[in-house]
Amino acid sequence: MAATHKQLLTTLTEANFAASMFKLSMMTYLLSNCSFSSTDYFLCKQREDNARRDAEKYATQTGAAKARFRIQWEAAQLTWDNYLAEHGVESAPTVTPFPLPPVTTPGPRGTAVAGVLGVEVVVTAVNPDAWSVIKAESSSNDAPKSGNKYIMVTVRVVNRGSEHIWVDASQFSIYANGTFYEESEQTNSNDFEAKELGPGWSTGGNLSFEVPNPMSTASQAVLLYLSGDVVMALE
């Protein structure tokens, strides 16, 4: 158990470090304010591009570290439960280290909910079996694997914070029955496009997720923004 605890602390440290570096890179990028008339314009643009690439890199590393932590946490819970069962003691109550479902109460569909980062999300529509729509949009879209289906979710995002932010489809996922399903990167009609949002700016569009079939959006699945900063009901 000591080794498991050390592993959890190491991964959590990695996640916190990546998140801190992401914030620093984003601040560097947003504060660049390169002026074409400036004598160091090209140097400024180079710094800006480097900061943007660093922000994207650290955002990916943050997500990966959090995903590893969740897997390690579940494994630690299983180890602990097995130990307690062997000694004739009831299992420890299930908890999660991050504000993830089912601990977090989902915001109602159609209602705008803001997370701690100041990003407001509202689910405006849900298509629980969207393959026919996705197929019609582009012949290059992939059919769902056997036993799966696509759920299409229409969202609107508003930056209620005081800083510029970057939003894209990869920041959303569906959580159901203990599993996370990432955005499928299909070509959707009215696709949710990656963009920078200043304070008060908004954007929206369709996201698609490949999930097991059947899956009830009413009782089993929720939409997550940034792995649980915002949790939205789909029904």
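- Heavy atoms of other residues, nucleotides or ligands lying less than 6.0 angstrom from CD of Glu193 number 12 at most.
- Closest non-hydrogen pair, Pro199 versus Asn159, comes out as N-ND2, 3.5 Å.
- Met232 and Val122 get closest at one heavy-atom pair: CE-CA, 4.2 Å.
- With hydrogens and angles disregarded, no donor-acceptor distance shorter than 3.5 Å links the side chain of Asn206 to the backbone of Asn188.
- Summarising the geometry of Ala233 relative to Pro108, their closest heavy-atom pair is CB-CA, 4.5 Å, with the distance given to 0.1 Å.
- Under a hydrophobic clustering in which Ile, Leu, Val, Met, Phe, Trp and Tyr are joined whenever their side-chain heavy atoms come within less than 4.5 Å, directly or via other members, Tyr181 and Val126 fall into the same cluster.
- Nearest heavy atoms, Ser202 versus Val158: CB-CG2, 3.7 Å.
- Distance check: Tyr150 OH to Asn127 CG gives 13.0 Å after rounding to the nearest 0.5 Å.
- The main-chain N or O of Asp142 is found under 3.5 Å from a side-chain atom of Gln186 such that the two form a donor-acceptor pair.
- To the nearest 0.5 Å, the span separating CG on Asp191 from CG on Leu207 amounts to 8.0 Å.
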Original post:
Stepwise, does the side-chain contact (heavy atoms from CB on, under 4.5 Å) test hold for Val167 with Tyr225?
Top reply: CA-CA 10 Å; Val167 294; Tyr225 172 72; 3.9 Å; yes

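- Put simply, the residue from Val230, Val121, Val123 that forms a side-chain contact (heavy atoms from CB on, under 4.5 Å) with Val113 is Val230.
- A salt bridge (charged side-chain N to carboxylate O under 4.0 Å, His left out) check over residues 116-125, counting only residues at least two apart or in different chains, returns the pairs Glu120-Arg160.
- Ile134 and Ser208 get closest at one heavy-atom pair: CD1-CB, 3.8 Å.
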Original post:
Where do Arg53 and Asn50 land on the side-chain hydrogen bond (donor to acceptor under 3.5 Å, both in side chains) test, with the steps shown first?
Top reply: CA-CA 5 Å; Arg53 283 192 291 268; Asn50 289 340; 2.5 Å; yes

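- Taking every heavy atom of both residues into account, Trp166 and Asp168 meet most closely at NE1-OD2, 3.1 Å.
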**OP:** Walk me through it: do Lys149 and Val211 pass the test side-chain contact (heavy atoms from CB on, under 4.5 Å)?
**Re:** CA-CA 6 Å; Lys149 67 175 182 177; Val211 300; 3.9 Å; yes

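- At a threshold of 4.0 Å, the pair Glu56-Arg52 counts as salt-bridged, since one of the basic side-chain nitrogens sits closer than that to a carboxylate oxygen.
- Between the side chain of Thr203 and the main chain of Val157, no donor-acceptor pair closer than 3.5 Å is present.
- Among the candidates Phe180, Phe192, Phe209, the single residue satisfying the ring pair (Phe, Tyr, Trp, His ring centres under 6.0 Å) test with Phe172 is Phe192.
- Under a 3.5 Å cut-off, the side chain of Glu210 and the backbone N or O of Lys145 do form a donor-acceptor pair.
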**OP:** Apply the test side-chain contact (heavy atoms from CB on, under 4.5 Å) to residues Leu224 and Val231: give CA-CA distance (whole Å), side-chain angles for both, the deciding distance (0.1 Å), then the verdict.
**Re:** CA-CA 5 Å; Leu224 306 183; Val231 183; 3.7 Å; yes

Subject >> Worked check of side-chain contact (heavy atoms from CB on, under 4.5 Å) between Leu234 and Ile174 >> reply: CA-CA 10 Å; Leu234 295 179; Ile174 281 181; 4.0 Å; yes

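- Side-chain heavy atoms closer than 4.5 Å link hydrophobic residues (I, L, V, M, F, W, Y) into clusters, and following such links, possibly through other members, connects Val153 to Val119.
- Counting only heavy atoms from C-beta outward, the side chains of Leu43 and Gln46 approach each other to under 4.5 Å.
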